[in-house]
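Read the structure below first, then the notes.
Computed from a predicted structure; not experimentally measured.
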Amino acid sequence: MSTCKGYSTARKAVCPEDSDLDKDGYCPQHSASSASCSYTKKKAPPCECRPGFKGAGTATGTSLPHVQTTTTTRTTVIHNPQGDSGKSETIKCAGVKADGQPCLKPIKRDGRLFCSYTHDPAYSEFYVKPSRFSDSTLRSKQEERLWDGRDAYDPSKRLDHDRSHLDHVVEKQIFSAAFGGVLRDGKADRGDQDLLDHLRELAVDREDNLRFTFEETNWAKGAAVKEFLDDHFMSRPLRPGGLTGYMLSQAKLSREVTKEIKREMERTVKQTVRRLEDEGDSSELFAVAGKLQNLAVVMELS
């Protein structure tokens with residue numbers, strides 16, 4: 001059932017009203033035909049925002065009591081949490097966490113409505129957590145084969161065993177995003193754990209997708225991938241250079257290490273796409289290969 005595309009200031013979340021919606025998907029309080037929205041302030045009359053509103057609010061004249069935020073799925077009016085002052089630089093994420101509770105994480109007021117694309121209802125319905133691909137015994141199983149005491153991305157450096165991480169060259173986040181794209185296309189079942197396990201064995205946890213590196217390198221690489229995916233799926237301008245630009249923005253990743261990570265990711269993603277196309281025994285895995293290739297192109301890894 002569809003709900004209103006407006007924003008409920010009382011609940012600090014997307015308006016839950018599901019009846020009497022107009023042709024644009026707004027309830028009477030948030031409709032363009034309403035006299036005013038439901039937001040009121042003690043020292044000012046109700047504001048006069050509308051779906052599609054841009055510019056300073058008319059309730060206070062010179063300040064910015066509200067701002068329009070546009071996503072790929074809705075246009076929503078968010079109100080300044082500091083009322084008339086207009087000084088706030090943040091709003092709260094309007095998304096919902098995995099436990100069903102509102103996120104409310106503070107985010108910059110820079111055109112986003114959600115702190116992450118995974119909280120956008122357009123994607124969250126099809127989001128598969130990277131942990132669905134996890135195997136708690138993976139490190140112990142691969143250590144004998146892969147551990148040589150050297151950093152995979154800078155072999156001149158020795159690793160401290162207790163501070164090393166087993167890194168996925170093509171991050172689990174990327175496989176999660178690719179699989180989510182297949183779900184959005186209606187070509188797979190979100191609850192099909194057997195399919196996820198098969199993808200994990202065939203691609204995610206294969207030995208050629210695993211490397212030992214410093215924990216700081218692994219964290220920084222993962223943060224760069226997350227930032228890229230959020231910008232990409234939230235239709236925000238991407239950094240020059242694709243994923244490389246995001247990795248170079250991480251203080252823990254030198255230019256030399258970033259170059260080696262990119263080289264390894266390019267090689268591994270090509271092998272993975274080819275394997276899923278050739279060895280995958282289902283149309284779902286073939287579709288995942290296509291989504292993975294599309295992401296590689298946008299990341300400039302192909």
Side-chain angles (χ1 to χ4, degrees), residues 115-118 128-180 199-233 236 238-273 275 292-293 295-302:
C115 65
S116 167
Y117 86 94
T118 62
V128 174
K129 286 185 175 183
S131 59
R132 294 277 298 276
F133 297 109
S134 296
D135 176 1
S136 60
T137 65
L138 181 62
R139 173 164 180 147
S140 60
K141 290 189 294 188
Q142 294 294 341
E143 202 161 75
E144 184 176 345
R145 295 191 184 95
L146 299 176
W147 176 265
D148 64 0
R150 298 183 182 276
D151 178 21
Y153 304 122
D154 187 356
S156 67
K157 294 184 178 180
R158 301 289 300 181
L159 289 173
D160 180 338
H161 184 274
D162 293 335
R163 297 182 62 236
S164 65
H165 277 192
L166 182 59
D167 176 47
H168 288 79
V169 179
V170 180
E171 295 276 342
K172 289 188 288 185
Q173 297 176 71
I174 298 175
F175 284 103
S176 173
F179 193 81
L199 178 59
R200 176 174 55 79
E201 294 168 1
L202 194 61
V204 183
D205 284 355
R206 275 185 67 100
E207 188 172 313
D208 57 10
N209 191 43
L210 302 172
R211 301 287 189 278
F212 275 99
T213 188
F214 291 103
E215 60 182 4
E216 295 89 349
T217 300
N218 191 29
W219 285 333
K221 175 170 170 277
V225 170
K226 182 183 186 304
E227 185 183 0
F228 172 88
L229 292 175
D230 280 338
D231 283 354
H232 171 59
F233 287 112
R236 292 173 52 78
L238 299 179
R239 294 178 184 269
L243 182 61
T244 298
Y246 288 82
M247 289 193 289
L248 289 174
S249 72
Q250 297 289 323
K252 296 293 184 181
L253 297 180
S254 68
R255 186 169 295 275
E256 292 74 21
V257 168
T258 295
K259 183 177 180 180
E260 182 62 19
I261 291 174
K262 181 177 186 287
R263 188 185 72 82
E264 287 292 292
M265 291 187 74
E266 286 177 335
R267 182 182 63 81
T268 304
V269 78
K270 287 178 182 177
Q271 292 178 342
T272 301
V273 168
R275 186 183 309 113
L292 189 60
Q293 177 61 39
L295 283 172
V297 171
V298 181
M299 289 181 171
E300 300 185 26
L301 296 175
S302 61

Could you walk me through whether K270 and E266 pass the salt bridge (Lys or Arg N to Asp or Glu O under 4.0 Å) test, one step at a time?
-> CA-CA 6 Å; K270 287 178 182 177; E266 286 177 335; 5.9 Å; no
Applying side-chain contact (heavy atoms from CB on, under 4.5 Å), run through S164 and E143 and close with a yes or a no.
-> CA-CA 11 Å; S164 65; E143 202 161 75; 5.9 Å; no
Do Y153 and K221 pass the side-chain contact (heavy atoms from CB on, under 4.5 Å) test, and can you show the C-alpha distance, the side-chain angles, and the key distance before you say yes or no?
-> CA-CA 11 Å; Y153 304 122; K221 175 170 170 277; 4.2 Å; yes
Stepwise side-chain contact (heavy atoms from CB on, under 4.5 Å) test for S116 and K226 | CA-CA 9 Å; S116 167; K226 182 183 186 304; 4.0 Å; yes
Decide side-chain contact (heavy atoms from CB on, under 4.5 Å) for R206 and Q271; before the verdict, give the C-alpha distance in whole Å, the side-chain angles of both, and the deciding distance to 0.1 Å.
-> CA-CA 11 Å; R206 275 185 67 100; Q271 292 178 342; over 6 Å; no
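Atoms CZ and CZ, from F228 and R239 in turn, are 12.0 Å apart once rounded to the nearest 0.5 Å. Atom CD of E215 and atom NZ of K252 lie 9.5 Å apart (nearest 0.5 Å). The CD atom of E264 lies 12.0 Å from the CG atom of L301; values are rounded to the nearest 0.5 Å. With rounding to the nearest 0.5 Å, the separation of OG1 in T118 from CZ in F233 is 11.0 Å. With rounding to the nearest 0.5 angstrom, the CD1 atom of I174 is 10.0 Å from the OG1 atom of T272.
A donor-acceptor pair is defined here as one N or O able to donate and one able to accept, closer than 3.5 Å; such a pair exists between the side chain of S254 and the backbone of V257. Distance alone, capped at 3.5 Å, is enough to place a donor-acceptor pair between the R150 side chain and the P155 backbone. Using a distance-only test at 3.5 Å, with no hydrogens or angles considered, no donor-acceptor pair links the side chain of E300 to the main chain of T244. Remark: the backbone N or O of V128 is paired with a side-chain donor or acceptor of S176 at under 3.5 angstrom. A donor-acceptor pair is defined here as one N or O able to donate and one able to accept, closer than 3.5 Å; no such pair exists between the side chain of K157 and the backbone of T213. Side chain of K172 to backbone of D205: no donor-acceptor contact under 3.5 angstrom is found.
Scanning all heavy atoms of the two residues, the minimum distance from A220 to L253 falls at CB-CG, 3.7 Å. The minimum heavy-atom distance linking V298 with H232 is given by the pair CG1-ND1, 3.8 Å. Between L229 and M299, the shortest heavy-atom contact is CD2-CE, 4.0 Å. Listed here is the closest heavy atom pair of Q173 and P130: CA-CG, 4.1 Å. In plain terms, the two heavy atoms of A178 and L295 that are nearest each other are N-CD1, 4.0 Å. Between A152 and R211 the shortest heavy-atom distance is CB-CB, 3.5 Å.
Between N218 and E171, some side-chain heavy-atom pair lies under the 4.5 Å cut-off. Looking at H165 and W219, their side chains come closer than 4.5 Å, going by heavy atoms from C-beta outward. With a 4.5 Å cut-off on side-chain heavy atoms, E256 and D154 do not count as touching. F175 is listed as a side-chain neighbour of V170, based on a closest heavy-atom distance under 4.5 Å. Residues D167 and T217 form no side-chain contact, since every pair of their non-hydrogen atoms from C-beta on lies 4.5 Å or further apart.
Scanning for salt bridge (Lys or Arg N to Asp or Glu O under 4.0 Å) contacts around K259 gives an empty result, with sequence neighbours left out.
Identified under the ring-ring contact (aromatic ring centres under 6.0 Å, His included) test for residues 129-151, with sequence neighbours left out: W147-H161, W147-F212.
N209 and T268 are not linked by any side-chain donor-acceptor pair at a separation below 3.5 angstrom, with hydrogens and angles left out of the test.
Counting heavy-atom neighbours within 6.0 Å of E207 CD, excluding the residue itself, gives a total above 12.
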